[in-house]
A.B. asks: 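Take a look at this one; I'll ask things after.
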Amino acid sequence: MRTQVGIIGAGPAGLLLSHLLHLEGISSIIIESRSRDYCETRVRAGLLEQNSVDLLNETGLAERMNKIALPHDGVQFTFDDTYHRIDMTELIGRRVTIYAQQEIVKDIIAVRLRDGGEILFEAEARQVGGIDGDKPFIKFMHEGSEKTIECDYIAGCDGFHGIARDSMPSSVVRGYDRVYPFGWLGMLIAAKPPSHELIYSHHPEGFTLFSMRAPEITRSYLQVPPDDDIKNWSEDRMWSEMRKRLGKHEGLELHEGEIMQASITPMRSYVSEPMRYGRLFLAGDSAHIVPPTGAKGMNLAMADVCVLARALIAKYKLNRNDYMESYSETCLKRVWRAEHFSWWMTTMLHPFYEASPFDLRRQIAELHTVFGSRSGQTLVAENYAGLPIVPWRP
Ligand code: FAD
Ligand code: DHB
C-alpha cells in the first residue's frame with residue numbers, strides 16, 4: 001500500500017488530519033487498532049473551545065454539531081460555601097460548547113468515508129521505520145496478516161499508549177511527567193444536570209464537576225484516591241458525595257437518575273519533546289496528556305493537527321520546509337500553556353489528600369483571589385475558552 005501521509009490512530013487527531021489533507025488534495029490512509037463501533041461509542045471528552053468549534057464549521061464537519069451541541073456563555077464554580085459565575089461572553093466575547101468527543105469522531109468518520117477516505121479499522125500498527133530517510137513505512141496487522149504502508153510522512157496520532165512516540169530514538173526524546181495523587185470517577189447519568197452550565201466544585205473532602213451531554217443527560221466526575229476501585233462505589237455513595245460536594249446554592253439542584261456508566265481514570269500531565277523526528281510527527285495524546293480539569297485534551301489534539309496540516313500542505317503545495325522545521329516548537333509553545341492551565345486548575349480545585357490545614361486555607365484563599373476578581377476571572381476565561389490556533393492553510 002502506498003499513500004502520501006500514513007496516519008496511525010482514528011481519534012480526533014488522526015481523523016481531523018486526514019480530512020484537512022483531503023481538502024487540499026493530499027492522500028492519506030488511517031490505520032486504527034480498534035473497531036469502528038468502539039471508536040464511535042467510547043465516552044471521553046465533551047467540551048470544545050471556541051476555536052475548535054470554528055474549525056469544525058470552517059471545514060464542513062459541523063452539520064450535526066450545530067443541531068445538537070450546547071453552547072455555554074458562562075461557567076460556574078463553588079467553594080468555601082460561595083458561588084461564582086464567569087460570564088465568558090461578557091468578559092472575552094468567546095464561549096465554549098458541549099459536544100461529545102465520540103460524536104465528533106462519528107461525524108469525521110462519516111465525512112471521510114463519504115469522500116472516499118481510507119480508514120482501516122482493527123488494524124494495529126506494530127512498527128514504524130525509515131523515518132531517518134525518505135522512505136518511511138508502517139507495518140501493521142490486519143485480517144490476520146502483516147501489511148505495510150509506504151508513505152512520504154507518518155503522523156503518530158495513536159494516543160498515549162500508541163507506538164509512535166517510542167519509535168523515536170531515546171537519545172533525542174525527553175519526557176516530562178507529573179502524576180497526581182488522585183483520579184476521577186466519571187459517571188454518565190440519565191437526569192437533568194444541576195444547571196444548564198458546567199459547575200466546578202471545590203470541597204474540603206474532594207472536588208466534583210457537573211457537566212452534561214444533553215439537556216437531560218448529566219456527565220459528572222468525583223475526585224477519588226488514585227488507586228480506588230469502582231467496586232468501592234455504590235450508587236448511594238456516589239449520590240451522597242455529589243450532594244455533599246456541590247453544597248447548597250440557590251438555583252443549583254441535584255437531580256437523580258439512572259447511572260448508566262461509571263469508571264475511574266487516573267490523572268497525569270505528560271509532555272514528550274520534540275514532537276517530530278525525521279519524517280515522523282506526533283500529534284495529540286501521543287505527544288502530551290493533561291489532567292482533565294481544564295478540558296484541554298481533545299482541543300490540544302485539534303490544535304496540533306492544524307499546525308501539522310499547515311506543514312504538510314506547505315511542503316506538498318509550495319515546496320516549503322519551514323513549517324515542518326518549526327512544527328515541534330510551534331506546537332510545544334501552546335502545549336505548555338495548556339499544560340500550565342490544566343495543572344493550575346487541577347491543583348487549585350482539588351484538595352490534596354495529604355494537605356495540611358494551612359494548605360487547605362491557602363487553597364481557599366487562592367480560589368477567592370482568582371474567582372473574586374474581574375482580572376482573575378478574565379484570565380480563567382481566556383484560557384478556558386482557548387488560546388488562538390494557527391490557520392491550517394499556509
Ligand atoms: P485518541 O483519542 O486516544 O486516539 C488515538 C487512537 O489511536 C485510538 O483510537 C487508539 O485506538 C489508536 N491506536 C493506539 N495505538 C494504536 C496502534 N498501535 N495502531 C493503530 N491504532 C492505534 N479530555 C478532556 O478534555 N475531557 C475529558 O473528560 C476527558 N476524558 C478522558 C477519559 C479517558 C478514559 C481518556 C483516555 C481520555 C480523556 N480525555 C479527556 C482526553 C481526550 O479524550 C484526549 O485528549 C483525546 O482523545 C486525544 O485525541 P487523540 O486523537 O490524540 O488520541
Ligand atoms: C468535561 C470534562 C472535563 O474534564 C471538563 O473540564 C469539562 C467537561 C466533560 O466531559 O463534559
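Given the structure is predicted, the values throughout are model-derived calculations rather than measurements. We're numbering straight along the sequence, starting at 1. Computed over heavy atoms, backbone and side chain alike; hydrogens, waters and symmetry mates excluded. Indexing begins at 1, ligand by ligand and atom by atom, following the structure's order.
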A.B. asks: Between Asp87 and Arg95 (salt bridge meaning N to carboxylate O under 4.0 Å), is one present in this structure?
C.D. replies: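 Judged by the 4.0 Å cut-off on N to carboxylate O distance, Asp87 and Arg95 do not form a salt bridge.
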
A.B. asks: Quick test of your reading: applying salt bridge (charged side-chain N to carboxylate O under 4.0 Å, His left out), list the pairs with at least one residue in residues 201-221, sequence neighbours left out, ordered by first then second residue.
C.D. replies: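 The answer is Glu205-Lys244.
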
A.B. asks: Minimum distance, heavy atoms only, to atom 22 (C) of ligand 1: which one of Ala164, Gly162, Ser33 is it?
C.D. replies: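 Going through Ala164, Gly162, Ser33 one by one, Ser33 has the nearest heavy atom to atom 22 (C) of ligand 1.
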
A.B. asks: Output the list of atoms in ligand 2 that are nearer than 4.0 Å to some heavy atom of Arg213, sorted by atom number.
C.D. replies: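 By the 4.0 Å cutoff, the relevant atoms are 9 (C), 10 (O), 11 (O).
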
A.B. asks: So which protein heavy atom does atom 6 (O) of ligand 2 come closest to, and at what separation?
C.D. replies: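 Here the nearest protein heavy atom works out to Tyr200 OH, 2.6 Å.
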
A.B. asks: Does ligand 1 have an atom that lies less than 4.0 angstrom from a heavy atom of Ala123?
C.D. replies: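 Distance cut 4.0 Å: Ala123 passes for ligand 1.
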
A.B. asks: For ligand 2, is any non-hydrogen atom under 4.0 Å from Phe210's backbone (N, CA, C, O), its side chain (CB onward), both, or neither?
C.D. replies: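 No part of Phe210 is near ligand 2 at this cut-off.
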
A.B. asks: Can you list the atoms of ligand 2 that are under 4.0 Å from a heavy atom of Trp184?
C.D. replies: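 Reading through ligand 2 atom by atom, the close ones are 4 (O).
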
A.B. asks: If you measure every N/O of Ala301 against every N/O of ligand 1, is any gap under 3.5 Å?
C.D. replies: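 No, Ala301 has no N/O under 3.5 Å of an N/O on ligand 1.
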
A.B. asks: Which of the listed options, Ala45, Cys39, Gly186, Gly156, holds the heavy atom that is closest to atom 29 (C) of ligand 1?
C.D. replies: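 Checking each option, the heavy atom nearest atom 29 (C) of ligand 1 is found in Ala45.
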
A.B. asks: Does an N or O anywhere in Ser211 fall below 3.5 Å from an N or O of ligand 2?
C.D. replies: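 Ser211 vs ligand 2: N/O contact under 3.5 Å present.
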
A.B. asks: For the residue pair Phe207 and Tyr200, does the interplanar ring angle fall in the parallel (under 30°), tilted (30 to 60°) or perpendicular (over 60°) class?
C.D. replies: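 Geometry flag for Tyr200 against Phe207: tilted rings.
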
A.B. asks: Examine Asp285 against ligand 1 and note whether any of their N/O atoms are separated by less than 3.5 Å.
C.D. replies: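 In this structure, Asp285 places an N or O atom under 3.5 Å from an N or O of ligand 1.
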
A.B. asks: Only heavy atoms of Leu209, strictly under 4.0 Å: list the atoms of ligand 2 that pass.
C.D. replies: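 Ligand 2 atoms under the 4.0 Å threshold to Leu209: 3 (C), 5 (C), 6 (O), 7 (C).
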
A.B. asks: Determine, considering heavy atoms only, which of Arg44, Glu122, Gln101 sits nearest to atom 32 (C) of ligand 1.
C.D. replies: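 Result: the heavy atom closest to atom 32 (C) of ligand 1 is in Arg44.
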
A.B. asks: Which is it for Ile31 and ligand 1 at heavy atoms under 4.0 Å: side chain, backbone, both or neither?
C.D. replies: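 The answer is the backbone of Ile31.
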
A.B. asks: Below 4.0 Å, non-hydrogen atoms only: which portion of Ser263 touches ligand 1? Side chain, backbone, both or neither.
C.D. replies: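 None of Ser263 does.
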
A.B. asks: Near Ala295, which atoms of ligand 2 are under 4.0 Å from a heavy atom of that residue?
C.D. replies: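 By the 4.0 Å cutoff, the relevant atoms are 5 (C), 6 (O), 7 (C).
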
A.B. asks: Going by the closest heavy atom to atom 12 (C) of ligand 1, which one wins out of Met302, Lys296, Glu32?
C.D. replies: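 Nearest heavy atom to atom 12 (C) of ligand 1 lies in Glu32.
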
A.B. asks: Quick one: look up the protein heavy atom nearest atom 8 (C) of ligand 2 and list residue, atom name and how far away it is.
C.D. replies: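 Answer, as residue, atom name and distance: Leu198 CD2, 3.5 Å.
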
A.B. asks: Looking only at distances, please establish whether an N/O atom of ligand 1 is found under 3.5 Å from an N/O atom of Arg42.
C.D. replies: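 Indeed, backbone or side chain, Arg42 has an N or O that close.
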
A.B. asks: Other residues, nucleotides and ligands only: do more than 12 of their heavy atoms fall within 6.0 Å of CG on Asp229?
C.D. replies: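 More than 12 heavy atoms, drawn from other residues, nucleotides or ligands, come within 6.0 Å of this atom.
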
A.B. asks: Among the heavy atoms of Phe140, does any lie under 4.0 Å from an atom of ligand 1?
C.D. replies: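 Heavy atoms of Phe140 never come under 4.0 Å of ligand 1.
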
A.B. asks: Can you pull out the closest protein heavy atom to atom 3 (C) of ligand 2? Residue, atom name and distance to 0.1 Å, please.
C.D. replies: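 The protein heavy atom lying closest is Pro292 O, 3.6 Å.
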
A.B. asks: Under 3.5 Å between any N/O of Val43 and any N/O of ligand 1: does that happen in this structure?
C.D. replies: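 N/O-N/O distance under 3.5 Å: no.
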
A.B. asks: Mind checking whether Thr293 contacts ligand 2 via backbone (N, CA, C, O), side chain (CB onward), both or neither, at a 4.0 Å heavy-atom cut-off?
C.D. replies: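 It is the backbone that gets close, since no side chain atom is under 4.0 Å.
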
A.B. asks: Do any side-chain atoms of residues 362-371 form donor-acceptor pairs under 3.5 angstrom with protein atoms, and if so which ones, sequence neighbours left out?
C.D. replies:
{"from": "Arg362", "atom 1": "NH1", "to": "Glu366", "atom 2": "OE1", "distance (Å)": "3.3"}
{"from": "Gln363", "atom 1": "OE1", "to": "His202", "atom 2": "NE2", "distance (Å)": "2.8"}
{"from": "Gln363", "atom 1": "NE2", "to": "Thr347", "atom 2": "O", "distance (Å)": "2.8"}
{"from": "Gln363", "atom 1": "NE2", "to": "Met348", "atom 2": "O", "distance (Å)": "3.3"}
{"from": "Gln363", "atom 1": "NE2", "to": "His350", "atom 2": "O", "distance (Å)": "2.9"}
{"from": "Glu366", "atom 1": "OE2", "to": "Trp344", "atom 2": "NE1", "distance (Å)": "3.1"}
{"from": "His368", "atom 1": "NE2", "to": "Asp80", "atom 2": "OD2", "distance (Å)": "2.8"}
{"from": "Thr369", "atom 1": "OG1", "to": "Ala365", "atom 2": "O", "distance (Å)": "2.9"}

A.B. asks: Ligand 2 and Tyr221, any nitrogen or oxygen pair closer than 3.5 angstrom?
C.D. replies: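 N/O-N/O distance under 3.5 Å: yes.
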
